[in-house]
Amino acid sequence: MPSSMDAPAETNASNGDGRAHVLVVPYPSQGHLVPLLDLAELLAARGLALTAAVTAGNAPLVAARSSVAMVVLPFPASTFLPAGCGENTKDLPAHLFRPFMASLAALRAPLLSWCKAQPRRVTAIISDLFTGWTFPLAVELGVPHVTFSPASVHYLATSHSLWRRMPTRRDDADDAFAFPDVPGSPIFPWRHLSLLFRMHVAGGDDEVSDTIRQIFLWNLESCCFVANSSAALETAYVRDPLPDLAGKRVLAVGALSEAVRTRASPPAKPAAWAWLDASDDGSVVYVSFGTQQALLPAQVACVADALALSSAAFVWVVTSGTVLPKGFEAATASRGVVIREWAPQVEILRHRAVGWILTHCGWNSMLEAAASGVAMLTWPMAADQFANAWLFAKAGVVVPIAEGADTVPDAGQMASTIAVAVAKEGESVAVRQRVVELSRGLAAAVAEGGTSRRDLDELVCMLSDVS
Ligand SMILES: O=c1ccn([C@@H]2O[C@H](COP(=O)(O)OP(=O)(O)O[C@H]3O[C@H](CO)[C@@H](O)[C@H](O)[C@H]3O)[C@@H](O)[C@H]2O)c(=O)[nH]1
């Protein structure tokens, strides 16, 4: 049942019954919101009361989760953002990401008022790693604060390392960044680091940068971190305390898309379904570049040419504004389906016909693919995507196809990489075998007795203690 600022979520309830009430504060982008809401659903299923704090533009995503209540906060007026800016990061120009993130910190005061007005006392806060301004709120309420990462533990550690060390860094495009406290981490070239960080150093000190840095420093004060990752994938980072995370416990509860799987309602089947049903096992390439990255027109043309030349069967999800080359859909209609705007990605990846994903290396897409036994053709572009590509390459389940947000690859080369992958020959067979093994490890982790289930139990236990 939604609630506005004037009408609290649980007006007639009291946690005199000892029931915990956890407030989750997601960052308003699809790749962050969905996994945190998955976690909220899992916690609700374990008997905790859950409320998600969102702005109106993001409310429909929470409304779809019947076990999670919500408080709808007014999108904060901001001097950092131009008028008319949307309420989530979809279609947000890259240079506005940092001001957008900093603006959300203004939600702290209304959220505190809401918390104080609740008959059912808020007993803990789980906050996205981009909304660490919730830490002082938790302090004021005297409740535990947990930082949630929708991404890998490796990214959690390296991003906090960057913000901690930031004042000593230079703006040097040739610099290489090592992470000595993150065992086995590669040295990343400057261009492979998140824009969130790179723009800070380029921009120097300002209010936006200070706010973002403080958000990351507050995260380090949390009582623990929770990540949508798995010991089956990041063994080294999950078990031992990491200095870059202030030695705090990291609970790896993923893959969350798998953990919620048994309780999910049956998916709406896309038009592509009958066609997938008729396709051979592992023969189809699913193509998606996530929710943040709009491809340049030349990149769209390149992917289209590559798919046409490869002779591979494909499902390509494109944004509504994407203009495909004239004649492309007609020419490939016998072996390809284009889905506009939104596809039920997890369900498509789980279809036995899908063997590969061509991905921008967003964490959710890679984890969902791995959990479904789908191998990856990787094209990392921005944010944590280079690190994600590295991590899954270490597991031997990827074939690199391109890299860089502005790169326009050679369509012929791309086509032959796709063709070799789906031909089920040589190394591509080994890659497919390894990803199927990894999917078994990820499934075992969320099953009874698995590492992710144990970490979720530990989180439930911690949150249930409302004394
Ligand atoms: O048609 C679609 C398109 C996407 N999705 C889902 O949307 C999510 C997309 O997430 P992700 O693959 O992580 O990509 P982004 O949306 O680009 O995610 C942002 O957030 C991630 C988590 O922090 C980062 O790893 C990425 O780099 C960052 O771009 C996944 O769960 C997909 O299943 C759909 O269900 N249908």
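Read the numbers this way: they start at 1 and go in the same order the structure lists the ligands and their atoms.
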Going by distance alone, is a donor N or O of one side chain under 3.5 Å from an acceptor N or O of the other, for H360 and S365?
no
Which residue and heavy atom of the protein sit nearest atom 19 (C) of ligand 1, plus the separation:
Q292 CG, 4.1 Å
For N88, all residues meeting side-chain hydrogen bond (donor to acceptor under 3.5 Å, both in side chains), sequence neighbours excluded:
N58
Can you see whether S257 engages E368 through a side-chain donor-acceptor pair at a distance of less than 3.5 angstrom?
no
Taking only non-hydrogen atoms of H360 and a 4.0 Å limit, the atoms of ligand 1 in range are 12 (O), 14 (O), 15 (P), 17 (O)
Any N or O of A382 that comes nearer than 3.5 Å to an N or O of ligand 1?
no
Considering only the protein, which heavy-atom contact is closest to atom 33 (O) of ligand 1, and what is its distance?
E368 OE1, 2.7 Å
When the side chains of residues 29-37 are checked against the rest of the protein, which donor-acceptor pairs come out under 3.5 Å, sequence neighbours left out?
residue : atom : partner : partner atom : Å
H32     : ND1  : D128    : OD1          : 3.2
H32     : ND1  : D128    : OD2          : 3.0

Is there side-chain contact between W133 and V25, with at least one heavy-atom pair below 4.5 Å?
yes
Could you work out, for atom 35 (O) of ligand 1, the closest of Y155, W342, F289 by heavy-atom distance?
W342
Examine distances only and state if a side-chain atom of D455 and a backbone atom of A252 form a donor-acceptor pair shorter than 3.5 Å.
yes
If we count only N and O atoms by modelled type, under 3.5 Å, do the side chains of S209 and R98 hold a donor and an acceptor together?
yes
What do you reckon, does W363 have a nitrogen or oxygen under 3.5 Å from a nitrogen or oxygen of ligand 1?
yes
For the pair Q385 (side chain) and P380 (backbone), establish whether a donor and an acceptor sit closer than 3.5 Å, ignoring hydrogens and angles.
no
Mind checking whether N388 has a heavy atom under 4.0 Å from ligand 1?
yes
Sub-3.5 Å N/O-N/O distance, S29 and ligand 1
no
Is the closest N or O pair between S365 and ligand 1 shorter than 3.5 Å?
yes
Do any N/O atoms on T291 end up under 3.5 angstrom from N/O atoms on ligand 1?
yes
For R239, does the CZ atom sit with more than 12 other heavy atoms under 6.0 Å from it, leaving out its own atoms?
yes
Of Y155, F386, F392, the residue whose pairing with W363 passes ring-ring contact (aromatic ring centres under 6.0 Å, His included):
F392
Just by modelled atom types, is the V284 backbone N or O under 3.5 Å from a matching donor or acceptor in the R335 side chain?
no
Shortest protein contact, atom 21 (C) of ligand 1 (heavy atom only)
N364 ND2, 4.0 Å
Would D384 count as a contact of ligand 1 if the rule is a heavy atom under 4.0 Å away?
yes
Donor-acceptor side-chain pairing of E341 and T319 below 3.5 angstrom
no
Tell me if the centroids of the rings in F328 and F314 come within less than 6.0 Å of each other.
yes
Starting from atom 18 (O) of ligand 1, what is the nearest protein heavy atom, named by residue and atom, and what distance separates them?
G31 CA, 4.0 Å
Closer than 4.0 Å to some heavy atom of V317 - which atoms of ligand 1 meet that?
1 (O)
Residue part near ligand 1, for A383, under 4.0 Å between non-hydrogen atoms
side chain
Which residue and atom name correspond to the protein heavy atom nearest atom 20 (O) of ligand 1, and how close is it?
H32 CD2, 3.7 Å
Please state which part of M366 comes within less than 4.0 Å of ligand 1, counting heavy atoms only: side chain, backbone, both or neither.
neither
Among all protein heavy atoms, pick out the one at the shortest distance from atom 36 (N) of ligand 1; state its residue, atom name and that distance to 0.1 Å.
A343 O, 2.6 Å
Quick one: which ligand 1 atoms are inside 4.0 Å of a heavy atom on Q345?
3 (C), 4 (C), 5 (N), 32 (C), 33 (O), 34 (C), 35 (O), 36 (N)
Is the closest heavy-atom distance from P150 to ligand 1 below 4.0 Å?
yes
Contact partition for Q385 relative to ligand 1, non-hydrogen atoms under 4.0 Å:
side chain
